[in-house]
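Reckoned from all heavy atoms, side chains included, excluding hydrogens, waters and symmetry mates. Not measured: the values here are computed from a predicted model. Chain naming here is simple, since letters A, B, ... match the order of the sequence lines and numbering starts at 1 in each.
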Amino acid sequence: MSWVWFHKLGSPPHFYRIAGRWVRWLAWPAVLLGAYGLIGGLAIAPADYQQGEGYRIVYVHAPAAWLSLMIYTTMAVSAAVGLIWRMNVAHAVAASCATIGASFTVLALATGSLWGKPMWGTYWEWDPRLTSELLLLFLYLGYIGLRSAIEDIPRADRASAVLAIVGVVNVPIIHYSVVWWNSLHQVASVMKLDRPSMPTSMLLPLLSMFLAATLLFVALMLTRARGEVLRRERTARWIGEALQQESA
Amino acid sequence: MNWLAMGGYAQYVWPSYALTLIVIALNIWWARRSLARARQEAHRRIATQKERA
């Protein structure tokens with residue numbers, strides 16, 4: 001495999017330009033897939049035989065929870081890449097993940113709470129899945145807090161990278177918490193090696209929502225990362241040229 | 001309007017979807033604002049660098 005694309009993406013001017021182009025190509029598929037998931041999930045999919053219409057929260061809850069884990073993993077991996085190869089673009093990506101990830105963790109917790117009330121009879125329980133997901137939110141907030149406490153960007157990059165990498169152990173704990181411990185939370189229906197345990201008319205809108213959420217995240221992250229790249233290139237001449245081209 | 005009642009789960013289903021829309025809208029706004037600010041800062045930096053030169 002050629003590593004040229006990796007080195008190219010590591011070049012700030014190239015990344016800035018390419019990322020700007022990608023955002024548009026990601027945003028429209030995200031809107032279309034999200035619209036299909038919304039209609040399919042709220043109107044076309046049949047009611048659940050146990051949970052009735054209440055299960056429809058899954059179409060926003062599960063993608064939000066998926067994002068909360070996937071974004072943290074992306075943040076930790078790119079922080080590690082930035083640390084090991086001293087790659088500013090990777091640090092820019094890591095820094096762009098935190099706010100997005102934290103907001104979707106809040107959403108996963110809130111929609112889960114709204115689902116838990118009718119099904120379990122409580123908004124909150126100190127259950128392994130819920131507690132480890134709450135810990136994930138604190139990891140995100142710690143990361144954001146640490147970054148904002150250090151003014152020098154390269155130092156903030158290095159310090160927050162260590163926190164991100166250490167915290168990544170929580171990701172498999174969250175995922176397997178429903179298997180390892182007795183949990184109120186139901187086990188995975190889609191994210192498992194076996195075949196998904198639901199009919200196609202339920203599954204397709206859900207998969208569409210997962211994909212829409214992922215594309216939305218990449219578009220949001222790239223938009224932010226372009227700004228982060230500008231912040232890290234204090235004196236580079238390409239910035240003046242790039243900004244001039246954009247305003248032209 | 002049976003559909004809106006969500007089989008008695010309306011008070012849980014609709015707030016979930018409303019919250020999701022709010023989080024998505026906020027994220028789009030924040031991301032664009034973050035990039036716009038970085039561009040403004042870069043503009044200002046370039047201007048002061050030119051003045052010094």
Interface moiety of [X] toward chain B, non-hydrogen atoms closer than 4.5 Å:
X: Ala43(A); result: both
X: Tyr123(A); result: side chain
X: Tyr55(A); result: neither

Given side chains that start at C-beta, do those of [X] and [Y] come closer than 4.5 Å, heavy atoms only?
X: Val23(B); Y: Val106(A); value: no
X: Arg226(A); Y: Ser34(B); value: no
X: Leu42(A); Y: Met6(B); value: yes
X: Leu35(B); Y: Arg224(A); value: no

Can you tell me how far apart [atom1] ([X]) and [atom2] ([Y]) are? Round to the nearest 0.5 Å.
X: Leu38(A); Y: Leu21(B); atom1: CG; atom2: CG; answer: 7.5 Å
X: Arg37(B); Y: Leu230(A); atom1: CZ; atom2: CG; answer: 15.0 Å
X: Gln49(B); Y: Arg237(A); atom1: CD; atom2: CZ; answer: 11.5 Å
X: Arg56(A); Y: Tyr17(B); atom1: CZ; atom2: OH; answer: 8.0 Å
X: Ile28(B); Y: Leu216(A); atom1: CD1; atom2: CG; answer: 6.0 Å
X: Glu53(A); Y: Asn2(B); atom1: CD; atom2: CG; answer: 8.5 Å

So which heavy atom on [X] is nearest to which on [Y], and how close?
X: Tyr16(A); Y: Arg39(B); value: OH-NE, 3.2 Å
X: Tyr12(B); Y: Ile57(A); value: O-CD1, 3.6 Å
X: Ile239(A); Y: Ala42(B); value: CG2-CB, 3.9 Å
X: Arg45(B); Y: Glu233(A); value: NH2-O, 3.7 Å
X: Tyr9(B); Y: Pro118(A); value: CE2-CB, 3.6 Å
X: Leu114(A); Y: Ser16(B); value: CD1-OG, 3.5 Å

Answer yes or no: does atom [atom1] of [X] have more than 12 heavy-atom neighbours from other residues, nucleotides or ligands under 6.0 Å?
X: Trp22(A); atom1: CH2; result: no
X: Trp120(A); atom1: CH2; result: yes
X: Arg33(B); atom1: CZ; result: yes

Look at the side chain of Trp30(B) and the backbone N and O of Thr99(A), then say whether any donor-acceptor pair between them is shorter than 3.5 Å.
->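 Flag not set: sc Trp30(B) to bb Thr99(A) has no pair under 3.5 Å.
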Hey, which of Ile46(B), Asn27(B), Val13(B) has the most heavy atom pairs under 4.5 Å with chain A?
->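 If we count pairs closer than 4.5 Å to chain A, Asn27(B) comes out on top.
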